[in-house]
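Worksheet for the structure shown next.
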Amino acid sequence: MRVIAIDGPAGAGKSTIARALATRLGLEYLDTGAMYRAVTFAAMRRGLDLEDREAVAELAGEVDLEVDEHGVRVDGVEATAAIRTPEVTAAVSIVAANSGVRAEMRARQQAWAMIRGGGVIEGRDIGSVVFPDAELKLYLTASPRTRAERRVAEAGGDVDEIEQAIAARDHYDSNRADSPLTDTHGPVLVDTTGMGVDEVLDHILQLLEQV
Ligand code: DC
């Protein structure tokens, strides 16, 4: 199984790089953040209290999630844009800190890769917990300002406000008890501040030649 694990904070360029890398390597790409967002969206749509850990974990076990290059469907309903609203973004960290949800998503991610013989998989705990034996583990980062500017370029908004919101989410994601965002599992650190997509991609392809 050939897994390339890409972790890092919000706005570091993980999705863009992971998608491009998957195309170059002829592998499929999985956005695991979209899975946590989709569970959050499903829970909000059903009117669940997101703090009700058991109810949200139960939902994570039964919800039908399709996350692929065409977008995201939740219980058969198109949700590609709906999982990226500010409301879902503000709530997703609570759901992602739920151990029952994480166990379920981890199992689905591992099954996804098994069926395909691997893939380029991006998230927060992919190299540290979900695929500790990945062929290459990357930790992509960039300065907080750069990350906020990238998000604003994609989706609009005020750069100061977005920078603050990103910092708050990263703090929460890095300090939760279950599989927090970390760079202590030996990934190759790639600081993408001031780097273009092609430059980052070339650097990663060089790293792959060395493993
Ligand atoms: O990459 P993103 O911003 O779409 O991720 C949404 C949230 O999901 C993020 O705040 C942290 C969480 N997440 C996680 O806990 N583990 C992953 N493997 C991927 C995302």
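Order of listing sets the numbers, starting from 1, for every ligand and every atom in it.
Ligand 1 lies nowhere less than 4.0 angstrom from a heavy atom belonging to Met35. By the 4.0 Å heavy-atom criterion, Arg102 is counted among the residues contacting ligand 1. For the ligand labelled ligand 1, residue Ser93 lies inside the 4.0 Å heavy-atom shell.
Going from atom CG of Leu181 over to atom OH of Tyr139 covers 4.0 Å, rounded to the nearest 0.5 Å. Rounding to the nearest 0.5 Å gives a distance of 8.0 Å between CZ of Arg124 and CZ of Arg176. Atom OH of Tyr29 sits about 11.0 Å away from atom CD1 of Ile17, to the nearest 0.5 Å. Expressed to the nearest 0.5 Å, how far OG1 of Thr32 lies from CE of Met105 amounts to 10.5 Å.
Protein heavy atom nearest atom 3 (O) of ligand 1, with residue, atom name and distance: Arg169 NH1, 2.9 Å. Nearest protein heavy-atom contact of atom 20 (C) of ligand 1 is Gly33 CA, 3.5 Å. Regarding atom 8 (O) of ligand 1, its nearest protein heavy-atom neighbour is Tyr36 CB, 3.7 Å. Looking only at protein heavy atoms, the nearest one to atom 1 (O) of ligand 1 is Arg124 NH1, 2.9 Å. When only non-hydrogen protein atoms are considered, atom 4 (O) of ligand 1 lies nearest to Arg37 NE, 2.7 Å.
Interface of Ala96 with ligand 1, defined as ligand atoms under 4.0 Å from a residue heavy atom, comprises 12 (C), 15 (O). Residue-ligand proximity, Asp173 to ligand 1, at heavy-atom distances under 4.0 Å covers atoms 9 (C), 10 (O), 11 (C). Interface of Thr32 with ligand 1, defined as ligand atoms under 4.0 Å from a residue heavy atom, comprises 17 (C), 18 (N), 19 (C). Set against the non-hydrogen atoms of Asp125, the atoms of ligand 1 under 4.0 Å away are 16 (N), 17 (C), 18 (N). Taking a cut-off of under 4.0 Å to the non-hydrogen atoms of Val92, the atoms of ligand 1 that pass are 7 (C), 8 (O), 10 (O).
Side-chain atoms of Thr89 come within 3.5 Å of backbone N or O of Thr85 as a donor-acceptor pair.
Checking only distances, Arg176 does come within under 3.5 Å of ligand 1, N or O to N or O.
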Test side-chain hydrogen bond (donor to acceptor under 3.5 Å, both in side chains) applied to Ser99 and Asp178, step by step: CA-CA 6 Å; Ser99 284; Asp178 190 342; 2.8 Å; yes

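Inspection of the Arg102 and Ser179 side chains reveals an N or O donor paired with an N or O acceptor under 3.5 Å.
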